[in-house]
Student: 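Questions regarding the structure given below will be posed in turn.
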Amino acid sequence: MGLNSFTRDNSIFENETVLRDEYTPDDLLERDDELAAYQNALRPVINGAPPKNIFLYGQTGVGKTISTDLVLSQLQSDAEQYDDLGVETIYLNCKDLSTSYQVAANLVNVFRADDPDQSTISTTGYPQSMVYDMLWEHLEDLDGTHALIVLDEVDSIGTDDGILYQLPRASTAGHVTDTYVGVIGICNNFTFRDNLSARVKDTLCEEELHFKPYDANQLGTILRHRAEKAFFDDVLESDVIPAAAAYGAQESGSARQALKLLYKAGDLAREGERSTVTGEDVENARELIAKDRIGDEVNSLPTQGKLALTAVYTLERRGETPSKRIQIHEEYERHASAIDADVLSIRSIHDRLSDLRLKGILDGEERNDGRGGGSYYQYQLGDREDIIGEILQEDERLSALF
DNA sequence: CCTCCACAGGAAAAAGTGGGCG
DNA sequence: CGCCCACTTTTTCCTGTGGAGG
């Protein structure tokens with residue numbers, strides 16, 4: 001097999017960069033109300049007053065992070081004209097950080113990342129109070145009068161909200177003088193607020209901004225705007241953007257996802273060496289993205305999760321699905337001991353299974369047969385058996401099971 | 001309308017992990 | 001090296017629940 005030569009295939013994309021995830025637009029469409037509210041909430045800062053704590057709610061891809069970017073950089077540059085004002089922003093993405101301790105330790109590391117003299121600290125091992133002390137010290141050392149701490153995806157810390165209690169109180173409790181500390185929390189989960197303890201709710205939720213999912217019209221505007229830069233003229237057939245916008249609105253209301261769909265559709269047209277992108281490309285792109293997602297999810301599962309899934313898979317192959325968790329656990333026990341892995345209790349497997357169900361990899365039907373039956377879940381693979389089987393067999397440790 | 005099955009899923013205890021410090 | 005700290009994962013224990021059969 002020989003290689004094809006690399007040639008510039010410029011008939012579809014004029015500049016595909018603008019469709020990528022990493023691309024940050026310099027203005028944000030269809031979010032005027034939210035931006036106005038956001039700026040309003042930050043107004044005390046420009047007056048030299050202590051900042052309000054702000055909470056942003058909304059699903060992924062509705063512009064929360066980009067709004068924060070835009071509003072804060074505007075605030076910083078506007079603050080420069082006042083000599084008695086210095087606004088510092090500290091950004092931390094809390095994804096994968098499940099406790100307050102880790103958030104605090106990572107915040108310390110954000111400070112230290114800018115400073116080559118200091119090495120970053122480990123995220124385990126220190127007593128909790130020492131980590132907080134280090135954090136106060138760094139905040140104290142800031143030049144500015146205001147420190148705005150942005151905690152993105154803060155809902156991943158769950159119910160352990162100690163850091164959210166400590167940070168806003170840093171100045172009043174005397175840990176930090178000379179600098180006002182404000183917290184901006186961004187979360188995807190609307191129920192996060194309810195999980196917070198009462199003391200945190202009082203201090204932290206002074207200002208709440210809600211970002212609604214985009215509807216099909218708004219997505220259409222965004223896509224058209226972006227497509228104009230990304231594609232050459234007349235490449236998109238007229239039904240492409242409406243179709244992508246409709247799918248996007250229907251599934252998530254996320255601009256990110258709608259853009260991904262449009263990008264993939266363009267990609268398909270390019271692969272097929274066609275000169276236009278059609279509605280059919282959008283349809284196919286949607287299918288591919290869904291498959292990719294499942295594939296990625298399965299691949300990133302830990303061994304025990306894969307074993308649980310394998311158990312359902314082999315049961316399905318034998319036509320014994322939908323099955324109850326006891327059957328699945330028995331099957332799982334056979335597999336796990338066959339490959340010499342730890343055999344977990346039924347309670348743990350039950351957690352794996354509901355995790356798989358939440359991710360949409362497994363279908364779980366809740367049943368209740370009443371007295372003599374009780375209520376239980378029945379699991380099966382749904383219409384994704386072939387993809388899942390394929391991916392499981394690629395796993396080295398598991399391949400012996402097939 | 002009450003009971004009672006068989007599970008779901010929360011909570012707490014226990015076991016295990018990784019790093020700091022003297 | 002032994003011990004402490006804080007976290008994570010797993011196990012153990014237990015309360016809660018919807019509806020068929022009484």
Side-chain angles (χ1 to χ4, degrees), chain A residues 92-109 111-113 118-138 151 153-167 189 191-192 194-198 300-312 315 320-333 335-337 339-380 397:
Chain A
L92 177 68
N93 192 320
C94 304
K95 188 165 107 187
D96 304 330
L97 306 179
S98 60
T99 61
S100 282
Y101 180 92
Q102 289 178 318
V103 173
N106 276 280
L107 276 173
V108 171
N109 284 338
F111 281 108
R112 302 208 166 180
Q118 305 191 55
S119 51
T120 54
I121 63 169
S122 155
T123 53
T124 54
Y126 294 102
Q128 192 160 35
S129 62
M130 198 185 291
V131 178
Y132 279 119
D133 284 343
M134 286 190 261
L135 187 53
W136 306 144
E137 214 168 287
H138 283 295
L151 299 175
E153 302 189 45
V154 62
D155 34 343
S156 70
I157 67 167
T159 52
D160 174 23
D161 53 13
I163 184 87
L164 297 179
Y165 179 64
Q166 297 285 349
L167 277 176
N189 186 345
T191 60
F192 180 60
D194 303 330
N195 297 333
L196 293 174
S197 58
S300 60
L301 244 35
T303 309
Q304 291 294 346
K306 282 187 185 169
L307 275 169
L309 185 57
T310 309
V312 183
L315 285 170
E320 292 176 25
T321 50
S323 32
K324 300 175 31 165
R325 67 171 195 181
I326 291 187
Q327 287 172 275
I328 297 173
H329 186 248
E330 282 168 4
E331 183 78 4
Y332 155 83
E333 276 182 316
H335 289 335
S337 45
I339 66 163
D340 221 18
D342 292 343
V343 179
L344 301 185
S345 68
I346 191 164
R347 180 69 182 82
S348 300
I349 293 309
H350 158 72
D351 278 344
R352 307 279 172 182
L353 290 174
S354 42
D355 182 47
L356 291 168
R357 184 166 55 85
L358 277 179
K359 286 179 173 161
I361 300 172
L362 282 181
D363 285 340
E365 191 201 349
E366 203 174 0
R367 293 203 44 182
N368 191 333
D369 294 346
R371 190 170 177 162
S375 63
Y376 53 90
Y377 270 106
Q378 293 203 118
Y379 293 99
Q380 59 185 28
R397 286 193 74 184

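Within every chain, numbering begins at 1; the chains are lettered A, B, ... in the order of the sequence lines, protein sequences first and strands thereafter.
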Student: What closest approach, in Å, do A:Pro302 and A:Arg352 show between heavy atoms, and which atom pair accounts for it?
Tutor: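 In terms of heavy atoms, the two residues are closest at CG-NH1, 3.5 Å.
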Student: Base, sugar-phosphate, or nothing for A:Val343, non-hydrogen atoms under 4.0 angstrom?
Tutor: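 It contacts sugar-phosphate atoms only.
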Student: When you measure from the side chain of A:Arg347, which nucleotide among B:dG20, B:dC7, B:dG10 comes out closest?
Tutor: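 The answer is B:dG10.
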Student: Could you check whether any side-chain heavy atom of A:Leu164 comes within less than 4.5 Å of a side-chain heavy atom of A:Val103, counting everything from C-beta outward?
Tutor: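 They are not in contact (no side-chain heavy atoms under 4.5 Å apart), so the answer is no.
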Student: The side chain of A:Tyr101 is closest to which nucleotide in this list: C:dC7, B:dA6, B:dA11?
Tutor: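 Ranking C:dC7, B:dA6, B:dA11 by closest atom to the A:Tyr101 side chain puts C:dC7 first.
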Student: Could you work out which one of C:dG18, C:dT10, B:dG9 sits closest to the side chain of A:Leu344?
Tutor: C:dT10
Student: Base, sugar-phosphate, or nothing for A:Glu366, non-hydrogen atoms under 4.0 angstrom?
Tutor: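 A:Glu366: no heavy atom of the nucleic acid under 4.0 Å.
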Student: The side chain of A:Arg371 is closest to which nucleotide in this list: B:dG10, C:dG22, C:dA6?
Tutor: C:dG22
Student: Please examine the side chains of A:Arg347 and A:Asp351, heavy atoms only from C-beta on, and report whether any two atoms are closer than 4.5 Å.
Tutor: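 Heavy-atom side-chain distance check passes, below 4.5 Å.
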Student: With a 3.5 Å cut-off and just heavy-atom distances, do the side chain of A:Arg367 and the base of C:dG19 make a donor-acceptor pair?
Tutor: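 Such a pair does not exist between side chain and base.
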Student: Please pick, from B:dG20, C:dT8, C:dT10, the nucleotide with the shortest atom-to-atom distance to any side-chain atom of A:Thr99.
Tutor: C:dT8
Student: As a test of reading the structure: which of C:dT11, B:dA6, B:dC21 is closest to the side chain of A:Ser345, going by heavy atoms?
Tutor: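 The answer is C:dT11, which lies nearest to the side chain.
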Student: What is the separation between atom CG on A:Leu97 and atom P on C:dA6, rounded to the nearest whole Å?
Tutor: 17 Å
Student: Taking atom C1' of B:dG9 as reference, at what distance in whole Å does atom NZ of A:Lys324 sit?
Tutor: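 Distance, rounded to whole Å: 17 Å.
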Student: Does A:Ser348 make a side-chain N or O approach to OP1 or OP2 of C:dT11 shorter than 4.0 Å?
Tutor: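 Answer is yes, contact under 4.0 Å.
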Student: Is it true that, when you exclude A:Lys359 itself, more than 12 heavy atoms of the residues, nucleotides or ligands shown sit nearer than 6.0 Å to its NZ?
Tutor: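 More than 12 within 6.0 Å, yes.
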Student: In terms of side-chain heavy atoms of A:Pro127, which of C:dA6, B:dG9, C:dA20 is nearest?
Tutor: C:dA6
Student: Looking at A:Asp342, is its backbone amide N or carbonyl O close enough to the side chain of A:Gln304 to form a donor-acceptor pair, meaning the two atoms are under 3.5 Å apart?
Tutor: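 Checked: pair present.
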Student: Taking only the side-chain heavy atoms of A:Gln102 (C-beta and beyond), determine which of B:dG10, B:dC4, C:dC7 contains the nearest atom.
Tutor: C:dC7
Student: By the 4.0 Å heavy-atom rule, please label A:Asp351 as base, sugar-phosphate, or nothing.
Tutor: nothing
Student: Counting just side-chain N and O atoms, does A:His350 come under 4.0 Å of either OP1 or OP2 of B:dC7?
Tutor: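 Checking B:dC7 against A:His350, no side-chain N or O comes under 4.0 Å of OP1 or OP2.
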